[in-house]
**Q** 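Handing you this structure, nothing more for now.
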Protein chains: 2
Amino acid sequence: MAGTPPPQTIPEATVARLPIYLRSLQEFAADENATISSGRLAELAGVNAAKVRKDLSYFGSYGTRGVGYDVRQLVVEIRRELGLTHDWPTAIVGMGNLGRALANYAGFSERGFSIAALLDTSDDKVGTVMGGTKVSHLDDMEGLVERHSISIGIIATPAIAAQDVAERMVGAGIESILNFAPTVISVPEGILVRKVDLAVELQILSFYQERRATDAGSAAG
Amino acid sequence: MAGTPPPQTIPEATVARLPIYLRSLQEFAADENATISSGRLAELAGVNAAKVRKDLSYFGSYGTRGVGYDVRQLVVEIRRELGLTHDWPTAIVGMGNLGRALANYAGFSERGFSIAALLDTSDDKVGTVMGGTKVSHLDDMEGLVERHSISIGIIATPAIAAQDVAERMVGAGIESILNFAPTVISVPEGILVRKVDLAVELQILSFYQERRATDAGSAAG
DNA sequence: CTCTGTGAACTCTTTCACAGCA
DNA sequence: TGCTGTGAAAGAGTTCACAGAG
């Protein structure tokens with residue numbers, strides 16, 4: 001009985017949207033006890049209202065019929081679901097252009113991710129300071145991971161180095177990896193990898209753009 | 001009969017994987033007339049073999065039973081599907097850390113995307129050279145878009161500026177936008193937008209990482 | 001009367017499993 | 001015998017549509 005009111009499984013697709021809802025709610029700012037309807041949140045998040053309601057229902061968020069959702073409460077609930085109630089120390093490996101951009105990206109710390117370690121193998125970079133953090137040598141990763149309880153690693157190296165870095169991360173105790181290198185990395189079971197490939201996104205755009213040109217005359221909008 | 005062998009619709013999910021296959025094939029390098037099986041390609045791309053076969057079947061790619069796919073031919077076919085048979089001039093708006101990283105990112109040009117224009121509004125940046133291209137003022141975008149036939153725009157500005165930039169892009173004739181700003185932009189119908197939010201990816205990792213800690217004892221792998 | 005919460009229908013995607021060609 | 005190509009089954013995710021709370 002009673003037992004499991006919010007089914008222990010939030011669909012992946014929903015999880016991927018929670019950060020967007022969170023961001024939208026925070027932009028929506030809102031005074032102390034503002035409420036927001038699924039329709040309005042949907043608009044801000046760029047999805048449709050039914051989806052918002054269904055998504056929020058998975059973790060038993062109580063909206064009020066005829067009124068909407070309490071913004072403050074919703075923010076708290078989503079943050080809890082996302083595990084954003086505490087800070088996540090991260091390590092970035094690869095201090096090229098992208099790594100430097102990431103190290104300087106304010107958006108990370110704003111959302112609960114601190115940069116606990118920057119790592120590279122090049123003597124040119126080790127010892128310099130980027131985004132307020134000193135760059136350490138990759139060989140020192142293990143100690144840093146332990147000392148700072150780092151559980152998320154970010155790979156911003158060239159493709160060729162990515163697999164090796166991933167293995168070192170796993171060896172150092174990192175359990176989740178965000179991979180920006182344009183290659184597939186393989187990791188042991190239980191290690192979670194997400195990837196972002198900047199050029200892949202462009203190629204997807206290219207597909208639809210090309211098709212638009214090819215499907216002559218088919219209304220684009 | 002014969003008529004329309006490749007059904008005119010390639011599923012979105014498949015389109016999103018084609019760039020990965022392409023990259024995998026190119027890494028696989030291969031001498032003149034190498035072949036590759038769906039199983040091997042699946043391994044390289046990090047998916048399963050049935051998916052590879054189904055994906056490739058959508059555009060009528062002829063593999064050879066008992067042998068596999070001709071690597072060279074497959075590369076040509078995928079590139080054609082993705083519209084990568086010609087160069088795509090792009091414009092990057094926002095020369096902060098991320099914009100600079102993108103401007104210097106070799107992966108774009110390697111895959112057929114050239115940077116035809118870099119744009120910013122800050123006097124500090126306009127006139128400087130980044131990644132071999134001179135930074136122009138955002139006000140000059142329209143002329144540059146026309147002159148270089150730019151159809152893809154990349155937004156790398158702070159969130160606050162993104163909607164305005166998107167509107168200027170559309171006004172200048174750009175039809176596809178890759179948005180790195182952490183906000184939803186709205187555009188007229190017919191304009192294609194894809195978004196990449198670096199912090200969102202971290203938040204998704206955070207969800208699963210947190211859950212792993214919470215689901216005490218449940219095997220992670 | 002408004003707006004949530006949610007079964008049910010529908011659509012998209014993945015996976016299975018095997019016929020058939022080389 | 002090995003591997004592709006593909007229907008058909010299974011599984012996810014989305015949307016509909018409406019009962020019912022406030």
Side-chain angles (χ1 to χ4, degrees), chain A residues 4-21 24-25 28 30 33-71 73-74 77-78 81 204 207-208, chain B residues 2 4-21 24-25 28 30 33-74 77-78 81 204 207-208:
Chain A
T4 46
Q8 204 54 303
T9 54
I10 299 186
E12 271 188 54
T14 294
V15 171
R17 281 187 297 267
L18 292 182
I20 313 290
Y21 296 152
S24 301
L25 289 168
F28 184 74
N33 36 10
T35 59
I36 191 169
S37 67
S38 60
R40 183 82 182 97
L41 178 51
E43 202 181 305
L44 294 172
V47 301
N48 81 33
K51 204 181 268 179
V52 168
R53 292 199 299 277
K54 178 133 300 201
D55 283 345
L56 298 184
S57 77
Y58 287 119
F59 50 98
S61 233
Y62 310 135
T64 306
R65 290 163 201 243
V67 179
Y69 300 86
D70 179 284
V71 173
Q73 184 191 345
L74 201 48
E77 296 240 13
I78 295 176
E81 281 303 327
I204 296 170
F207 172 89
Y208 292 105
Chain B
T4 45
Q8 202 56 302
T9 55
I10 299 185
E12 270 187 55
T14 294
V15 171
R17 281 188 296 267
L18 292 181
I20 313 289
Y21 296 151
S24 301
L25 290 167
F28 185 75
N33 36 10
T35 59
I36 191 169
S37 68
S38 59
R40 183 85 181 93
L41 178 52
E43 203 180 307
L44 294 172
V47 301
N48 80 34
K51 203 180 273 179
V52 168
R53 293 201 298 277
K54 171 88 39 170
D55 282 344
L56 298 183
S57 77
Y58 287 118
F59 49 97
S61 235
Y62 310 136
T64 307
R65 289 161 201 245
V67 179
Y69 301 85
D70 180 283
V71 173
R72 277 222 303 178
Q73 185 190 345
L74 202 47
E77 297 240 12
I78 295 177
E81 281 302 329
I204 296 171
F207 172 89
Y208 292 105

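Here is how names work: the chains are called A, B, and so on, in the same order as the sequence lines, proteins then strands, and each is numbered from 1. All values below come from the heavy atoms of this structure, side chains included, with hydrogens, waters and symmetry mates left out. Because the structure is predicted, anything quoted here is derived from the model rather than measured.
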**Q** So which one's nearest nucleotide on DNA chain D is more toward 5', A:Ala13 or B:Gly66?
**A**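 It is B:Gly66 whose nearest nucleotide is closer to the 5' end.
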**Q** Grab the CG-P distance between A:Leu74 and C:dC3 for me, whole Å please.
**A**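 Nearest whole value for this atom pair: 16 Å.
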**Q** Is the shortest side-chain heavy-atom distance between B:Val52 and B:Asn48 below 4.5 Å?
**A**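 SC-SC contact between B:Val52 and B:Asn48 ruled out.
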**Q** Is there side-chain contact between A:Pro11 and A:Thr14, with at least one heavy-atom pair below 4.5 Å?
**A**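 Yes. Closest side-chain heavy atoms under 4.5 Å.
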**Q** Side-chain donor-acceptor pair under 3.5 Å between A:Thr35 and A:Asp70, yes or no?
**A** no
**Q** Given C:dT13, C:dT4, C:dT15, identify the nucleotide with an atom nearest to the side chain of B:Lys54.
**A**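 It is C:dT15.
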**Q** Check the distance between C:dT4's C1' and A:Asn48's CG and give it to me in whole angstrom.
**A** 14 Å
**Q** What's the CG-P distance between A:Leu41 and C:dC3, to the nearest Å?
**A**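 From A:Leu41 CG to C:dC3 P: 14 Å.
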**Q** Do B:Arg40 and B:Phe28 have side chains that approach each other closer than 4.5 Å (heavy atoms only, starting at C-beta)?
**A**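 The answer is yes, as the side chains (C-beta and beyond) meet within the 4.5 Å cut-off.
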**Q** Taking only side-chain N and O atoms of B:Lys51, does any of them lie within less than 4.0 angstrom of OP1 or OP2 on C:dT13?
**A**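 No, outside the criterion.
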**Q** Specify the residue among A:Leu56 and B:Thr64 whose closest nucleotide of DNA chain C lies further upstream toward the 5′ end.
**A**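 The residue closer to the strand's 5' end, by nearest nucleotide, is A:Leu56.
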**Q** Using whole Å, report how far CD of A:Glu43 lies from P of C:dC3.
**A** 13 Å
**Q** Name the nucleic acid region contacted by A:Arg17, choosing base, sugar-phosphate or nothing; use a 4.0 angstrom heavy-atom cut-off, strictly under.
**A**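 Sugar-phosphate, backbone atoms only, no base.
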**Q** Is there a side-chain contact between B:Val47 and B:Tyr21, using heavy atoms and a 4.5 Å cut-off?
**A** yes
**Q** Between B:Tyr208 and A:Glu12, is any pair of side-chain heavy atoms under 4.5 Å apart?
**A** yes
**Q** Base, sugar-phosphate or nothing for A:Ser61? Non-hydrogen atoms, less than 4.0 Å.
**A**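 A:Ser61: backbone/sugar contact only, no base atoms under 4.0 Å.
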**Q** Would you kindly compare A:Arg53 and B:Asp55 by the position of their nearest DNA chain D nucleotide and give the one closer to the 5′ end?
**A**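 The 5'-side residue here is B:Asp55.
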**Q** 5' to 3' on DNA chain D, which nucleotides open and close the contacts with chain B (atom under 4.0 Å from a heavy atom)?
**A** D:dG2 to D:dA8
**Q** Side chain of A:Tyr62 only, heavy atoms from C-beta on: which candidate in C:dT14, C:dC16, C:dG5 is closest?
**A** C:dG5
**Q** Out of C:dC16, C:dT14, C:dT4, which nucleotide sits closest to the side chain of B:Ala50?
**A**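 For B:Ala50, the side-chain atoms sit closest to C:dC16.
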**Q** In the structure I gave you, are the side-chain heavy atoms of A:Tyr69 and A:Arg53 within less than 4.5 Å of one another anywhere?
**A**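 When only atoms from C-beta onward are counted, A:Arg53 and A:Tyr69 do touch, with a gap below 4.5 Å.
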